[in-house]
Amino acid sequence: QVQLVESGGGLVQAGGSLRLACASGPGPTFSTYNMGWFRQAPGKERELVATIMWTGGRTYYADSVKGRFTISRDNVKNMVYLQMNSLKPEDTATYYCANDHVQFSLTIPTMASFGSGGQGTQVTVSS
């Protein structure tokens, strides 16, 4: 498994932007996993918002964030990013990054594909 630490959350007004970062521990295996960002608000289920394949080329987004969020990765720095623009109050949640359970997977991940992630970073969007 990959050790992950999220950062970059904060309080922002509706319409604003944040860039989340996820750092992985050193090692050669980060680049072999599909990576994802998911979020969880109090009393709600986890929602997978963005995924990037280990090959680096394909990305997938939940309908709720499509066109506003962008996931990217840097396999040299072992980092995954989530650029969030045009934020809405309903984006308020704790955001986590996680790796696919399976290395070198070519299957589009679902929420069930991912582990529990790191400690999370809180995003609060005020109206």
Side-chain angles (χ1 to χ4, degrees):
Q1 277 293 341
V2 178
Q3 293 184 322
L4 302 165
V5 178
E6 302 92 341
S7 63
L11 173 64
V12 64
Q13 288 188 329
S17 298
L18 284 173
R19 188 191 193 208
L20 306 184
C22 173
S24 170
T29 62
F30 172 82
S31 62
T32 68
Y33 289 98
N34 301 323
M35 299 297 296
W37 285 95
F38 67 91
R39 65 188 180 187
Q40 189 164 24
K44 294 188 177 181
E45 297 287 324
R46 298 193 308 176
E47 178 188 17
L48 181 62
V49 296
T51 302
I52 185 165
M53 304 299 280
W54 66 272
T55 54
R58 288 183 292 161
T59 57
Y60 303 94
Y61 299 95
D63 288 343
S64 58
V65 307
K66 201 171 291 183
R68 300 188 297 121
F69 290 12
T70 303
I71 188 172
S72 60
R73 66 189 298 162
D74 184 332
N75 286 340
V76 174
K77 296 180 179 179
N78 285 3
M79 298 288 294
V80 181
Y81 304 98
L82 186 68
Q83 177 66 43
M84 305 187 297
N85 298 328
S86 302
L87 282 162
K88 304 175 181 180
E90 51 263 44
D91 294 318
T92 296
T94 302
Y95 284 71
Y96 303 85
C97 70
N99 58 282
D100 198 325
H101 292 304
V102 179
Q103 287 179 279
F104 303 111
S105 175
L106 297 179
T107 302
I108 300 173
T110 64
M111 189 67 254
S113 305
F114 292 101
S116 58
Q119 86 287 348
T121 186
Q122 177 67 36
V123 172
T124 303
V125 185
S126 63
S127 57

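We number each residue from 1, following the sequence as shown.
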Engineer: Working to the nearest 0.5 angstrom, can you tell me the gap between S127 OG and E90 CD?
Structural biologist: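 Answer for the OG-CD pair, S127 versus E90, is 10.0 Å.
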
Engineer: Would the distance check show the side chain of T92 and the main-chain N or O of V125 forming a donor-acceptor pair, the cut-off being under 3.5 Å?
Structural biologist: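 Yes; judged by distance alone, with no hydrogens or angles, the pair exists.
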
Engineer: Measure the CE-SG distance between M79 and C22 for me, rounded to the nearest 0.5 Å.
Structural biologist: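 If I round to the nearest 0.5 Å, the distance is 7.0 Å.
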
Engineer: Show the nearest heavy-atom pair for residues T121 and G9, with the distance to one decimal.
Structural biologist: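 Closest approach of T121 to G9: OG1-N, 2.9 Å.
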
Engineer: Under 3.5 Å, is there a donor on one side chain and an acceptor on the other for T32 and Q103?
Structural biologist: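 Per modelled atom types, T32 and Q103 side chains form a pair under 3.5 Å.
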
Engineer: Yes or no on side-chain contact (heavy atoms from CB on, under 4.5 Å) for L87 and F69, after CA distance, side-chain angles and deciding distance?
Structural biologist: CA-CA 9 Å; L87 282 162; F69 290 12; 3.9 Å; yes

Engineer: So how far is it from R68 CZ to N85 CG, rounded to the nearest 0.5 Å?
Structural biologist: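 Atom-to-atom, R68:CZ and N85:CG are 9.0 Å apart.
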
Engineer: If I compare all heavy atoms of S17 with all of Q83, which pair ends up nearest, and what's the gap?
Structural biologist: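 Heavy atoms only, the tightest pair is CB-NE2, 4.0 Å.
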
Engineer: Is a side-chain donor or acceptor of Y61 paired with a backbone partner of I71 at a separation under 3.5 angstrom?
Structural biologist: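 Yes, because the side chain of Y61 sits within donor-acceptor range (under 3.5 Å) of the backbone of I71.
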
Engineer: Please report the closest heavy-atom contact between Y33 and V102, naming both atoms and the distance.
Structural biologist: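 That would be CD2-O, 3.9 Å.
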
Engineer: Hey, are the side chains of L20 and E6 touching, using non-hydrogen atoms and a 4.5 Å cut-off?
Structural biologist: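 No. Closest side-chain heavy atoms not under 4.5 Å.
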
Engineer: Under the criterion salt bridge (Lys or Arg N to Asp or Glu O under 4.0 Å), I'd like the reasoning laid out for K88 against D91: C-alpha separation, chi angles, the key distance, then a yes or no.
Structural biologist: CA-CA 5 Å; K88 304 175 181 180; D91 294 318; over 6 Å; no

Engineer: What residue among R46, R39, Q122 forms side-chain hydrogen bond (donor to acceptor under 3.5 Å, both in side chains) with T94?
Structural biologist: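 Only match with T94 under side-chain hydrogen bond (donor to acceptor under 3.5 Å, both in side chains): Q122.
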
Engineer: Answer yes or no: is there a donor N or O on one side and an acceptor on the other, between the side chain of Q119 and the main chain of V5, under 3.5 Å?
Structural biologist: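 Such a contact is absent between Q119 side chain and V5 backbone.
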
Engineer: With a 4.5 Å cut-off on side-chain heavy-atom distances among I, L, V, M, F, W and Y, is there a chain of contacts connecting M84 to Y60?
Structural biologist: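 Unlinked, M84 and Y60 end up in two clusters.
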
Engineer: Using modelled atom types and a 3.5 Å cut-off, is there a donor and acceptor pairing between side-chain atoms of Q40 and backbone atoms of A93?
Structural biologist: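 Looks like no, no N/O pair under 3.5 Å.
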
Engineer: Could you tell me the separation between the OG atom of S24 and the CG atom of D74, rounded to the nearest 0.5 Å?
Structural biologist: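 Nearest 0.5 Å value for the OG-CG distance: 11.5 Å.
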
Engineer: Quick check: does any side chain N or O of R58 sit under 3.5 Å from a backbone N or O of M53, one acting as donor and the other as acceptor?
Structural biologist: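 Looks like no, no N/O pair under 3.5 Å.
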
Engineer: Relative to each other, are the rings of F38 and Y96 parallel, tilted or perpendicular (30° and 60° limits)?
Structural biologist: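 F38 and Y96: parallel rings.
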
Engineer: Could you state the interatomic distance from CG (L82) to OH (Y95), rounded to the nearest 0.5 Å?
Structural biologist: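 Reported value, rounded in 0.5 Å steps: 7.5 Å.
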
Engineer: What heavy-atom pair brings N78 and N75 nearest, and what distance separates the two atoms?
Structural biologist: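 Looking at all heavy atoms of both residues, the shortest contact is OD1-O, 3.2 Å.
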
Engineer: Which heavy atom of G115 sits nearest a heavy atom of A98, and at what distance?
Structural biologist: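 Residues G115 and A98, closest heavy atoms: O-CB, 3.7 Å.
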
Engineer: Check step by step if side-chain contact (heavy atoms from CB on, under 4.5 Å) holds for F114 and T51.
Structural biologist: CA-CA 10 Å; F114 292 101; T51 302; 4.1 Å; yes

Engineer: Report the C-alpha distance between R19 and Y81 in whole Å, list the side-chain angles of each, state the deciding distance to 0.1 Å, and finish with yes or no for side-chain contact (heavy atoms from CB on, under 4.5 Å).
Structural biologist: CA-CA 7 Å; R19 188 191 193 208; Y81 304 98; 3.5 Å; yes

Engineer: State yes or no: do V123 and V65 share one hydrophobic cluster built from I, L, V, M, F, W and Y residues joined by side-chain heavy-atom distances below 4.5 Å, directly or via other members?
Structural biologist: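 Yes, V123 and V65 fall within the same hydrophobic cluster.
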
Engineer: May I ask you to decide if S105's main-chain N or O and N34's side chain share a donor-acceptor pair within less than 3.5 Å?
Structural biologist: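 Yes; at least one donor-acceptor contact below 3.5 Å.
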
Engineer: Do W54 and V80 share a hydrophobic cluster, counting only Ile, Leu, Val, Met, Phe, Trp and Tyr and linking them when any side-chain heavy atoms are less than 4.5 Å apart?
Structural biologist: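 No, W54 and V80 fall in different hydrophobic clusters.
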
Engineer: With rounding to the nearest 0.5 angstrom, report the CG to OG1 distance, D100 to T107.
Structural biologist: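 If we round to the nearest 0.5 Å, D100:CG and T107:OG1 are 8.0 Å apart.
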
